[in-house]
Amino acid sequence: MSFEQWAQSWESVPMAEATERYDIGEASNGLLDDLDDFFGEEPECFFVHRGDVTVEGPLVMGNGPDEAVDTVYVIDGDLTVNGPMRFLNMDVYTPLYVTGSVTARDLFLEDCNLIIGGSLTVGGLLMTELTDGGMFVVRGVTSAGAWLEWSDSGEVTFAHDLKTRRLRASDGFYHEQAEAEDAAEVLLPRFFDGDEDVSDQLWEAALEGQPIWRVCGGR
């Protein structure tokens with residue numbers, strides 16, 4: 001679903017006020033410092049949700065071309081998802097900035113820009129599959145059952161030590177040049193059989209509560 005559909009309400013905040021209240025350049029470690037370069041022209045406003053957001057069950061969010069205003073969406077508070085969460089944009093990079101903390105059972109980030117001002121807590125799998133225009137920034141402490149880095153593109157920044165089991169694609173790059181286990185040796189073989197996208201298969205498993213590890217409790 002698009003951004004406008006899943007939060008209770010969005011307030012249009014004029015750019016002058018929005019950029020003063022929400023320093024997106026600092027929050028993103030300079031990656032979104034010049035919005036003109038990012039969007040092609042400066043947005044007229046930010047869309048802001050004031051206060052915490054709690055979603056019961058799974059959350060899928062994002063947008064495709066012409067499905068949402070070219071701007072920055074801000075949750076001025078915490079985001080809690082009592083289930084798995086997937087942030088997937090298609091050929092656009094509409095950013096979401098959560099000023100507080102984010103909590104989810106599983107978190108899948110694909111072709112997106114997510115900036116978290118507080119901590120990130122993922123009970124199960126954190127999967128990042130970013131393209132060149134994507135970014136993922138966490139300014140607080142990050143903990144996850146496992147982090148599967150599936151691509152060698154985009155910007156991934158953790159301001160503090162990452163508490164997780166690190167997995168990588170069998171022939172892929174791993175951010176931070178850290179040691180990581182081969183995902184094909186840790187996850188069930190069925191995710192690597194056939195032509196279906198691995199992230200799609202893992203997301204379906206997360207939705208249905210199906211096992212993904214070769215050994216129960218392997219993470």
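Computed over heavy atoms, backbone and side chain alike; hydrogens, waters and symmetry mates excluded. All values derive from a computational prediction rather than experimental measurement.
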CD of E208: more than 12 outside heavy atoms within 6.0 angstrom? yes
Are there more than 12 heavy atoms of other residues, nucleotides or ligands under 6.0 Å from atom CD of E204? yes
Using the rule given for side chain to side chain contact (heavy atoms under 4.5 Å, CB included), can you reason through L188 versus Q210, listing the C-alpha separation, both sets of side-chain angles and the distance that settles it, and then say yes or no? CA-CA 11 Å; L188 291 173; Q210 297 178 350; over 6 Å; no
Count I, L, V, M, F, W, Y as connected when their side-chain heavy atoms are under 4.5 Å apart, and connections chain through other members. Are [X] and [Y] then in the same cluster?
X	Y	result
F39	V48	yes
V198	L187	yes
F191	V186	yes
V55	V122	yes
V13	M15	yes

State, yes or no, whether a side-chain contact exists between N113 and L31 at a heavy-atom distance under 4.5 Å. no
Is there a side-chain contact between F47 and T94 in this structure, where contact means two heavy atoms from C-beta onward sitting under 4.5 Å apart?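 Of all side-chain heavy-atom pairs linking T94 with F47, none is under 4.5 Å.
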Between [atom1] of [X] and [atom2] of [Y], what distance do you get to the nearest 0.5 Å?
X	Y	atom1	atom2	value
I115	L96	CD1	CG	8.5 Å
M127	I212	CE	CD1	10.0 Å
R105	T103	CZ	OG1	14.0 Å
I116	T157	CD1	OG1	12.0 Å
L126	S143	CG	OG	10.0 Å
K163	T121	NZ	OG1	9.5 Å

For residues T128 and E149, is any side-chain donor paired with an opposing acceptor at under 3.5 Å?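 Side chains of T128 and E149: pair found under 3.5 Å.
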T131-Y93 side chain donor-acceptor pair, cut-off 3.5 Å: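 Result is yes, a qualifying pair exists.
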Any sub-3.5 Å donor-acceptor pair from [X]'s side-chain atoms to [Y]'s backbone N or O?
X	Y	value
S119	G140	no
D36	E42	yes
H49	E11	no
R190	Q201	no
R165	E181	no
R214	A184	yes

List the atom of [X], the atom of [Y], and the distance in Å for their closest heavy-atom pair.
X	Y	value
L109	L130	O-CD2, 4.0 Å
D106	A206	OD2-CB, 3.9 Å
G117	Y97	N-CE1, 4.1 Å
T71	P43	OG1-CB, 3.9 Å
A146	L167	CB-CD1, 4.2 Å
R139	A27	CD-O, 3.3 Å

Is it true that F158 and F136 have ring centroids separated by less than 6.0 Å?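 Under 6.0 Å, so yes.
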Let me check something: any side-chain donor-acceptor pairs from residues 74-87 under 3.5 Å, sequence neighbours excluded? List them with distances.
from, atom 1, to, atom 2, distance (Å)
D76, OD1, T99, OG1, 3.2
D76, OD2, Y22, OH, 2.7
D78, OD1, S101, N, 2.8
N82, ND2, E56, OE1, 3.1
N82, ND2, E56, OE2, 3.0
R86, NE, E110, OE2, 2.7
R86, NH2, E110, OE1, 3.1
R86, NH2, E110, OE2, 3.2
R86, NH2, D200, OD1, 2.6

By the rule that ILVMFWY residues connect when side-chain heavy atoms come within less than 4.5 angstrom, directly or transitively, which residues belong alongside M90? L88
